[in-house]
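As the structure is a prediction and not an experimental result, all values here were calculated from the model. Counting starts at 1 for both ligands and their atoms, in listed order.
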Amino acid sequence: MKFIKESFKYPMKKIHLIAAARPNFMKIAPLYHELVQRKGIDPVIVHTGQHYDLNMSDVFFKDFDLPEPHIHLNVGSGTHAEQTGHVMMAYEKVLMEEKPDLVVVVGDVNSTIAATLAAVKLGIKTAHLEAGLRSFDRTMPEEINRIVTDSIADFLWTPSVDGDENLIKAGIAKEKVTCVGNIMIDSLEMLRSKIENLNISGSFGLSRGSYGLVTLHRPSNVDTPEILEKLCTALSAISLKIPLIFPVHPRTLAQLKETGLESILQMANDIHLTDPLGYKDFMNLVMGSRLLITDSGGVQEETTYLGIPCLTLRSNTERPITITQGTNLLCSHENISRRVDHVLEGTFSKGRKPALWDGHTASRVADCIQRVLSRESG
Ligand code: UD1
Ligand code: UDP
């Protein structure tokens, strides 16, 4: 465990921002930068170490101009219970020593639930940013993390009103819930000009608008060889219609190698396999792509905001607003090729931007934090 925060600042109110895995870093970045501007607030980045590869963690600190994590728990990978337990044990020690004024957790990963459990049990006020999302599919590990985190956290900050509705229906007190908007849009707007200056598709020999971009990492898609094989075969068929760029998540790479299914993708007509990409490089590819094929939560939101067709290889989504208002469509390995045809024929809904997906969520969250702190000290 590593602590690197100067203690001279410490009459300030200490806010722990919990960052653990790839989708967390871009959620805490705009908030960190907003909070350092606010008087009397000392944001402390706590990295649990759930993701640790350079391209799954460090690259995001660089892209978003974040300082090195002030506290690093170094928990690494493990089973669900191992990972959750290790974060709880390590973070509890930190909490007892540091006594933060507020803990902010984001998203729905194992570290989100673990940090929340550790903090709430010590009576430390805890807020969940991206609260209220529900897939209503309890086979998803993230759904369990969302339900438990939302039921015990003190403050619930939602990205869209469907989140508020889910929480109220679950019996959560209205006073705990605030719709703050989608912090992922702040991340994108923060780096938009730098992203637009890149030409990452060029390094694959592809021009803007001429390719599809693929990401896959959900256990329901990649952990069962029979399902993974069907998906690889579908992607191979799609690559006859449009070139595909596929930055491969480490979970997926391990499965592709273990099953030998990597060869289907390697032998396909036009699939460019690559390592996971940094945020700026990835978003440059997103912005230039004709369509996305994904099972990522964040990508469903980014494509809705940008008006790019998103074919989501899942039977449900915790982000239904990306379907009702945005450009998202749920697909299976059986119908995805036809859905790609629809996009290429130009018969795909353009969608619109959901309310409060406006790049000002970090500011609204910082206002909430200041209200919480003044209430606690008053
Ligand atoms: C986790 C989150 C998931 C999120 C995803 C984002 C949970 C339950 N899952 O899934 O919600 O959508 O992150 O990417 O919290 N690995 C590496 N290097 C790394 C990290 C992981 O090689 O830096 C490999 C390890 O073999 C590890 C496996 O990937 O066992 C899975 O990592 P883990 O964090 O447990 O789950 P993800 O599938 O990444
Ligand atoms: N992302 C990235 N590089 C990649 C793939 C994804 O920077 O190679 C970004 C992208 O902005 C996406 C975010 O990481 O929205 C979330 O990642 P992921 O899909 O791993 O997690 P999820 O949102 O499904 O939990």
*Between Phe282 and ligand 2, is there a nitrogen or oxygen pair with a distance under 3.5 Å?*
no
*asked:* Considering non-hydrogen atoms of the protein only, which is the closest contact for atom 25 (O) of ligand 2, and what is the distance?
replied: Pro23 CG, 3.4 Å
*Show which atoms of ligand 2 fall inside a sub-4.0 Å distance from at least one heavy-atom site of Tyr279.*
7 (O), 11 (O)
*Looking only at distance, does Arg22 have an N or O less than 3.5 Å from an N or O of ligand 2?*
yes
*asked:* Counting C-beta onward and ignoring hydrogens, is there a side-chain heavy-atom pair between Thr48 and Ile18 closer than 4.5 Å?
replied: yes
*Among all protein non-hydrogen atoms, which one is nearest to atom 18 (N) of ligand 1, and what is the separation to 0.1 Å?*
Asp53 OD2, 2.9 Å
_Give me the nearest non-hydrogen protein atom to atom 2 (C) of ligand 1 as residue plus atom name, then the distance to 0.1 Å._
Val109 CG1, 3.7 Å
_Less than 4.5 Å apart, side chain to side chain, heavy atoms only: is that true for Leu198 and Lys280?_
yes
_side chain to side chain donor-acceptor pair (under 3.5 Å) partner of Glu301, the single match among Asn328, Asn182, Thr322_ = Asn182
*Run the contact test for Glu301 against ligand 2 with a 4.0 Å cut-off on heavy atoms, strictly below, and give the result.*
no
*Give the numbers and elements of all ligand 2 atoms closer than 4.0 Å to a heavy atom of Pro247.*
8 (O)
*Which residue owns the protein heavy atom closest to atom 11 (O) of ligand 2, what's the atom, and how far is it?*
Glu302 OE2, 2.7 Å
*Lys/Arg N to Asp/Glu carboxylate O, Lys241 vs Asp341, below 4.0 Å*: yes
*Does Arg38 pair with Asp367 as a salt bridge, N-O distance under 4.0 Å?*
yes
*For Gln83, atoms of ligand 1 separated by under 4.0 Å from a heavy atom*: 34 (O), 35 (O)
*For ligand 2, which atoms sit closer than 4.0 Å to a heavy atom of Arg218?*
22 (P), 24 (O), 25 (O)
*Are any of the side-chain nitrogens in Arg134 or Glu318 under 4.0 Å away from the carboxylate oxygens of its partner?*
no
_Ionic contact status for Lys230 with Glu226, cut-off 4.0 Å_ = no
*With a 4.0 Å cut-off on heavy atoms, is Pro23 touching ligand 1?*
yes
*Are the side chains of Trp157 and Thr361 in touch, meaning some heavy atoms are under 4.5 Å apart?*
no
*For atom 14 (O) of ligand 1, the protein heavy atom that lies nearest, with its residue and separation*: His249 NE2, 3.0 Å
_Minimum-distance protein heavy atom relative to atom 9 (N) of ligand 1_ = Glu142 OE2, 3.8 Å
_Enumerated ligand 2 atoms positioned under 4.0 Å from heavy atoms of Met184_ = 15 (O)
*Identify, by atom number and element, the atoms of ligand 1 in contact range of Met56, meaning under 4.0 Å from any of its heavy atoms.*
23 (O)
*Does atom 12 (O) of ligand 1 have any protein heavy atom closer than 4.0 Å?*
yes
*Relative to atom 32 (O) of ligand 1, which among His51, Arg218, Met140, Gln255 owns the nearest non-hydrogen atom?*
His51
*Which of these, Glu82, His217, Arg251, has its nearest heavy atom closest to atom 5 (C) of ligand 1?*
His217
*Can a salt bridge be assigned to the pair Arg146 and Asp108 using a cut-off of 4.0 Å between side-chain N and carboxylate O?*
yes
*Quick one: nearest non-hydrogen protein atom to atom 13 (C) of ligand 2, plus distance?*
Met26 CE, 3.6 Å
*Which ligand 2 atoms does Ser296 reach within 4.0 Å, using its non-hydrogen atoms?*
18 (P), 19 (O), 22 (P), 23 (O), 24 (O)
Got a list of side-chain donor-acceptor pairs under 3.5 Å for residues 51-58, not counting sequence neighbours?
from	atom 1	to	atom 2	distance (Å)
His51	ND1	Arg22	N	2.9
Tyr52	OH	Ser77	OG	2.6
Ser57	OG	His47	NE2	2.9

*asked:* Minimum distance, heavy atoms only, to atom 22 (P) of ligand 2: which one of Ala21, Gly278, Gly297, Pro276 is it?
replied: Gly297
*Run the salt-bridge test on Lys169 and Asp164 with the 4.0 Å N-O cut-off and return the result as yes or no.*
no
*Would Glu376 and Arg371 pass as an ion pair if we require N to O under 4.0 Å?*
no
*Once the angle between the rings of Phe64 and Tyr279 is folded into 0 to 90°, is it parallel (under 30°), tilted (30 to 60°) or perpendicular (over 60°)?*
tilted
*Can we say Asp137 and Arg314 salt-bridge, meaning some charged N sits less than 4.0 Å from an Asp/Glu carboxylate O?*
no
*Of all the non-hydrogen atoms in the protein, which one sits nearest to atom 7 (O) of ligand 2, and at what distance?*
Phe60 CE2, 3.2 Å
